Student: 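After the structure tokens below, expect a handful of questions from me.
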Amino acid sequence: MSQREYHIVVLGSGGVGKSCLTAQFVQNVWIESYDPTIEDSYRKAIDVDGRHVMLEILDTAGTEQFTAMRELYMKTGQGFLLVFSITSQSSFYELAELREQIRRIKEDDNVPMVLIGNKSDLEEDRAIPRPRAFAISREWNIPYFETSARRRANVDEAFQDLCRQIIMKDQANRRHMREDAYGGNRTGRTPRNPKKRHRKPKCTIL
Ligand code: GDP
Ligand code: MG
């Protein structure tokens with residue numbers, strides 16, 4: 001079977017550690033200062049539960065001039081790391097808008113996502129209490145990880161979890177497509193997008 005490729009997007013305010021997290025995950029290196037304007041993508045092959053997958057990871061820089069660019073990577077992305085810094089309140093509150101945008105653009109309420117509180121090594125400067133972050137992650141129904149790019153703590157775990165979510169969703173989509181192709185649905189019709197199956201406009205007789 002051919003190796004699957006999945007697109008991951010790393011999102012969050014400037015300075016929360018997106019580039020440092022990405023560099024640690026992809027190259028196992030700690031980079032003290034990264035050019036904040038560099039937006040780039042990286043490839044990394046990983047094993048998740050014995051499954052070999054290739055990840056294409058976009059480290060965003062938030063410098064996009066046009067919202068069209070943001071829309072594009074939100075459309076292409078299959079999983080999102082929503083990163084804030086535990087030392088910055090505003091970085092935490094800005095994630096709500098990003099999450100809404102993703103859900104709106106993808107027209108999907110169950111997009112694979114992980115909430116990340118980075119800089120866990122700076123406990124003395126903590127501005128977001130752990131229970132506060134957990135409460136949001138429960139409300140959003142996504143897992144929460146506290147990471148430290150500096151210490152390379154919980155970095156693999158967060159990416160792995162996201163990858164697992166993407167694989168599960170991909171498998172469910174493929175199952176739907178197979179069922180449709182082999183007449184699994186009794187109507188004999190083959191809806192292309194299983195999510196939109198129930199969105200037929202109702203016919204009202206006036
Ligand atoms: P980005 O704008 O989100 O890509 O943020 P960067 O990855 O460029 O990091 C911004 C700053 O935060 C840099 O000075 C990093 O050295 C620092 N930084 C990133 N991750 C951590 C971390 O886990 N712990 C600490 N103490 N500093 C970090
Ligand atoms: Mg960066």
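First listed ligand is number 1; within each ligand, the first listed atom is number 1. In this text the structure is predicted, and so the values were computed from the model without any measurement.
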Student: Which heavy atom of the protein is the closest neighbour of atom 6 (P) of ligand 1, given with residue, atom name and distance?
Tutor: G17 CA, 3.7 Å
Student: Could you tell me the residue and atom name of the protein heavy atom closest to atom 17 (C) of ligand 1, and the distance to it rounded to 0.1 Å?
Tutor: K119 NZ, 4.0 Å
Student: Would you tell me which option among C20, A23, S19 has the nearest heavy-atom contact to atom 4 (O) of ligand 1?
Tutor: S19
Student: Do S120 side-chain atoms and T147 backbone N/O form a donor-acceptor pair below 3.5 Å?
Tutor: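 Flag set: sc S120 to bb T147 pair under 3.5 Å.
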Student: Are there over 12 heavy-atom neighbours, none belonging to M54, within less than 6.0 Å of that residue's CE?
Tutor: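 Above 12, so yes.
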Student: Measure P36 to ligand 1 on non-hydrogen atoms and call it side chain, backbone, both or neither using the 4.0 Å cut-off.
Tutor: neither
Student: Would you mind running through ligand 1 and noting each atom that sits below 4.0 Å from a heavy atom of L122?
Tutor: 26 (N)
Student: In terms of atom number and element, which parts of ligand 1 are under 4.0 angstrom from non-hydrogen atoms of Y34?
Tutor: 8 (O)
Student: Provide, to 0.1 Å, the distance between atom 28 (C) of ligand 1 and the closest protein heavy atom, together with that atom's residue and name.
Tutor: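 Its nearest protein heavy-atom neighbour is W30 CH2, 3.6 Å.
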Student: Side chains of M74 and L11: closer than 4.5 Å at any heavy-atom pair?
Tutor: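 Yes, side chains in contact.
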Student: Is any side-chain heavy atom of R152 less than 4.5 Å from a side-chain heavy atom of W30?
Tutor: no
Student: Which atoms of ligand 1 have any heavy atom of G14 under 4.0 Å away?
Tutor: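 Those qualifying, in numeric order: 2 (O).
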Student: Applying a strict 4.0 Å limit to heavy atoms, is G15 in contact with ligand 1?
Tutor: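 Heavy atoms of G15 do come under 4.0 Å of ligand 1.
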Student: To the nearest 0.5 Å, what is the distance between CD (Q24) and OG (S148)?
Tutor: 8.0 Å
Student: To which of V16, V155, D121, V10 does the heavy atom nearest atom 26 (N) of ligand 1 belong?
Tutor: D121
Student: Identify the closest protein heavy atom to atom 16 (O) of ligand 1: which residue and atom is it, and at what distance?
Tutor: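 It is E32 O, 2.5 Å.
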Student: Is any side-chain heavy atom of V53 less than 4.5 Å from a side-chain heavy atom of C163?
Tutor: yes
Student: Checking a contact table here: which protein heavy atom is nearest atom 20 (N) of ligand 1, and how many Å away?
Tutor: N118 ND2, 3.2 Å
Student: For the backbone of V48 and the side chain of Q160, can you confirm whether one donor and one acceptor N or O come within less than 3.5 Å of each other?
Tutor: no
Student: Would you say Y34 has an N, O or S atom lying under 2.8 Å from the Mg ion (ligand 2)?
Tutor: no
Student: In the structure I gave you, are the side-chain heavy atoms of M113 and W140 within less than 4.5 Å of one another anywhere?
Tutor: no
Student: Is the backbone N or O of G77 less than 3.5 Å from a side-chain atom of K106, with the two atoms forming a donor-acceptor pair by type?
Tutor: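 Yes, because the side chain of K106 sits within donor-acceptor range (under 3.5 Å) of the backbone of G77.
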Student: Working to the nearest 0.5 angstrom, can you tell me the gap between Q171 CD and R51 CZ?
Tutor: 4.5 Å
Student: Please confirm whether T147 comes within less than 3.5 Å of ligand 1 when only nitrogen or oxygen atoms on both sides are compared.
Tutor: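 The answer is no, given that T147 and ligand 1 share no N or O pair closer than 3.5 Å.
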Student: Does only the side chain of F84 get under 4.0 Å from ligand 1, or the backbone, or both, or neither? Count heavy atoms.
Tutor: neither
Student: Just which atoms of ligand 1 are under 4.0 Å from any heavy atom in A149?
Tutor: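 Numbered from 1, ligand 1 contributes 20 (N), 22 (C), 23 (O).
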Student: For the 3.5 Å polar cut-off, considering only N or O atoms, please tell me whether R150 and ligand 1 meet it.
Tutor: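 In this structure, R150 places an N or O atom under 3.5 Å from an N or O of ligand 1.
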Student: Kindly say whether S88 contributes a backbone atom to a donor-acceptor pair with the side chain of S91 at under 3.5 angstrom?
Tutor: yes
Student: Relative to each other, are the rings of F92 and F84 parallel, tilted or perpendicular (30° and 60° limits)?
Tutor: perpendicular
Student: Number the atoms of ligand 1 from 1 as they appear, then name those within less than 4.0 Å of a heavy atom of S148, with their elements.
Tutor: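 What qualifies from ligand 1 is 23 (O).
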Student: Determine whether the side chain, the backbone, both or neither of L21 has a heavy atom under 4.0 Å from any heavy atom of ligand 1.
Tutor: neither
Student: Does ligand 1 have an atom that lies less than 4.0 angstrom from a heavy atom of G12?
Tutor: no
